[in-house]
Asker: 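Quick one: structure below, then a few questions.
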Amino acid sequence: MKLLRTLLFVFFCFMLVPAAKSLACVVSYSPEGTLSQTSSSNSAGQSFTATCSGTITTLTVTVGTDPSSNGILRFYSGGTGNTGAVIATAATGLDLSSGEHTYTLTTPVAVARGVQYSWVITTAETSDDSFLFVSSTDGGGTYDGGNYLRYGYESKTGWDVKFSLNIEESGGGEAVVSIPFMGLTGCLLFACGLLGSGFYVLRRKK
């Protein structure tokens, strides 16, 4: 019976330790000033610098005058938009109706901390659209990690898209467990003590 109680106690100690959770960082620009729309052909995007190494899982943007067709989201290496090498076609059939949208990437994109990349949304339309909200230098500051990409490649210094990227960190991105190491060690030592005393009692009875 004492052995069973000891085993149950050890099991309870390990149940106190929650499963490790992935951490995430966010790359974003949300200006305080007035947002505007600019002519951007059928492609528009933003260059950005990753603030952690990991995998991009979502992109949030604000759409203004919506195009009549859905969009395709692609990521490129470097800060020159669609003139760079394609990393991934991350999502297709994007809803570009007016308002804020969070797009979940069907193909997650791996990025490295401190490296610059670009994302570009393209529609099927050939006429000029102005579907993404951007801010200029007189609109409350700029994003230091990149620029608005007019036409998907023309870097507009001082202009930035209102956007947010969620990156799930890789390489040791685990939450700290709620029970300290010494607490877990204490549980195990106490359990070993109970177990040892149980064997001692059994030997005495023999």
Side-chain angles (χ1 to χ4, degrees), residues 24-52 54-84 86-111 115-168:
C25 69
V26 177
V27 178
S28 64
Y29 173 65
S30 184
E32 298 178 357
T34 302
L35 293 170
S36 60
Q37 298 179 96
T38 65
S39 176
S40 56
S41 182
N42 66 330
S43 295
Q46 174 78 30
S47 55
F48 67 94
T49 302
T51 55
C52 67
T55 303
I56 300 174
T57 56
T58 61
L59 167 67
T60 300
V61 296
T62 301
V63 178
T65 303
D66 52 286
S68 59
S69 61
N70 294 331
I72 298 174
L73 172 62
R74 294 185 178 92
F75 283 81
Y76 302 85
S77 60
T80 58
N82 55 24
T83 62
V86 179
I87 298 175
T89 298
T92 59
L94 302 183
D95 177 12
L96 294 176
S97 58
S98 297
E100 185 175 278
H101 296 277
T102 296
Y103 304 121
T104 299
L105 277 57
T106 54
T107 303
V109 177
V111 294
V115 177
Q116 192 173 53
Y117 304 90
S118 304
W119 59 262
V120 175
I121 295 176
T122 302
T123 74
E125 297 184 11
T126 56
S127 60
D128 280 359
D129 292 317
S130 44
F131 58 91
L132 291 180
F133 272 118
V134 298
S135 175
S136 64
T137 51
D138 60 357
T142 58
Y143 167 64
D144 294 331
N147 295 305
Y148 165 57
L149 296 170
R150 187 184 183 194
Y151 310 130
Y153 63 88
E154 183 182 299
S155 182
K156 299 286 288 183
T157 302
W159 291 78
D160 296 288
V161 176
K162 180 184 179 183
F163 76 102
S164 179
L165 289 166
N166 186 77
I167 304 174
E168 289 190 357

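Since the model is a prediction, treat every value here as computed from it, not as a measurement. When reading the values below, keep in mind they use all heavy atoms of this one structure, side chains included, and skip hydrogens, waters and symmetry mates.
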Asker: Considering all heavy atoms of both residues, which atom of Y76 and which atom of G84 are nearest to each other, and what is their separation?
Answerer: CD2-O, 3.5 Å

Asker: Considering all heavy atoms of both residues, which atom of S155 and which atom of N147 are nearest to each other, and what is their separation?
Answerer: OG-ND2, 3.1 Å

Asker: Should the ring pair H101 and Y103 be called parallel, tilted or perpendicular, given that the plane angle runs from 0 to 90° and is split at 30 and 60?
Answerer: parallel

Asker: Can you see which heavy atom on W119 is nearest to which on V61, and at what distance?
Answerer: CH2-CG1, 3.6 Å

Asker: Taking the side chain as C-beta and beyond, is there a heavy-atom pair between R74 and N82 under 4.5 Å?
Answerer: no

Asker: Quick one, V27 with F163, criterion side-chain contact (heavy atoms from CB on, under 4.5 Å). Give me CA distance, side-chain angles, the key distance, then yes/no.
Answerer: CA-CA 8 Å; V27 178; F163 76 102; 4.1 Å; yes

Asker: Could you tell me whether the side chain of R150 reaches within less than 4.5 Å of the side chain of W159, counting heavy atoms only?
Answerer: no

Asker: Got a sec, which residues hit side-chain hydrogen bond (donor to acceptor under 3.5 Å, both in side chains) with T122, two or more places apart in sequence or on another chain?
Answerer: S43

Asker: Give a yes or no on whether the backbone of G81 and the side-chain of S118 come within a donor-acceptor separation of less than 3.5 Å.
Answerer: yes

Asker: For T60, what residues pass the side-chain hydrogen bond (donor to acceptor under 3.5 Å, both in side chains) criterion, not counting sequence neighbours?
Answerer: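 Once residues adjacent in sequence are excluded, the partners of T60 under the side-chain hydrogen bond (donor to acceptor under 3.5 Å, both in side chains) criterion are T102.
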
Asker: Do F75 and L165 have side-chain heavy atoms sitting under 4.5 Å apart?
Answerer: yes

Asker: Give a yes or no answer on whether the side chain of Q116 reaches the backbone of G145 with a donor-acceptor pair at less than 3.5 Å.
Answerer: yes

Asker: So which heavy atom on D160 is nearest to which on G146, and how close?
Answerer: OD1-O, 3.0 Å

Asker: If the condition is side-chain hydrogen bond (donor to acceptor under 3.5 Å, both in side chains), which residues does T83 pass it with, not counting sequence neighbours?
Answerer: T80

Asker: Testing the basics here: between L149 and G79, what is the closest heavy-atom pair and its distance to 0.1 Å?
Answerer: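 Shortest heavy-atom separation between L149 and G79 comes out as CD2-O, 3.7 Å.
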
Asker: Which pair of non-hydrogen atoms, one from G152 and one from V120, has the smallest distance, and what is that distance?
Answerer: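 In terms of heavy atoms, the two residues are closest at O-CG2, 3.5 Å.
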
Asker: Tell me, please, which residues at least two apart from A88 pass side-chain contact (heavy atoms from CB on, under 4.5 Å).
Answerer: T107, V109

Asker: Begin from the C-alpha positions of I121 and L73 and carry the test side-chain contact (heavy atoms from CB on, under 4.5 Å) through to its verdict.
Answerer: CA-CA 5 Å; I121 295 176; L73 172 62; 3.9 Å; yes

Asker: Applying side-chain contact (heavy atoms from CB on, under 4.5 Å), can you list everything that pairs with T104, at least two apart in sequence or on another chain?
Answerer: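 Scan of T104 (side-chain contact (heavy atoms from CB on, under 4.5 Å), adjacent residues dropped) gives T58.
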
Asker: Applying side-chain contact (heavy atoms from CB on, under 4.5 Å), can you list everything that pairs with V26, at least two apart in sequence or on another chain?
Answerer: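 Expected list: S28, S164, N166.
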
Asker: Quick one: list whatever passes side-chain hydrogen bond (donor to acceptor under 3.5 Å, both in side chains) with T106, sequence neighbours left out.
Answerer: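 Here no residue qualifies.
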
Asker: How long is the straight-line distance from OG of S47 back to NZ of K156, given to the nearest 0.5 Å?
Answerer: 13.5 Å

Asker: Could you state the interatomic distance from CD1 (I87) to OG (S77), rounded to the nearest 0.5 Å?
Answerer: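 Between atom CD1 of I87 and atom OG of S77 there are 5.5 Å.
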
Asker: Excluding sequence neighbours, so at least two apart, what forms side-chain contact (heavy atoms from CB on, under 4.5 Å) with T92?
Answerer: I72, T89

Asker: Not counting sequence neighbours, which residues clear ring pair (Phe, Tyr, Trp, His ring centres under 6.0 Å) with Y117? List them please.
Answerer: F48

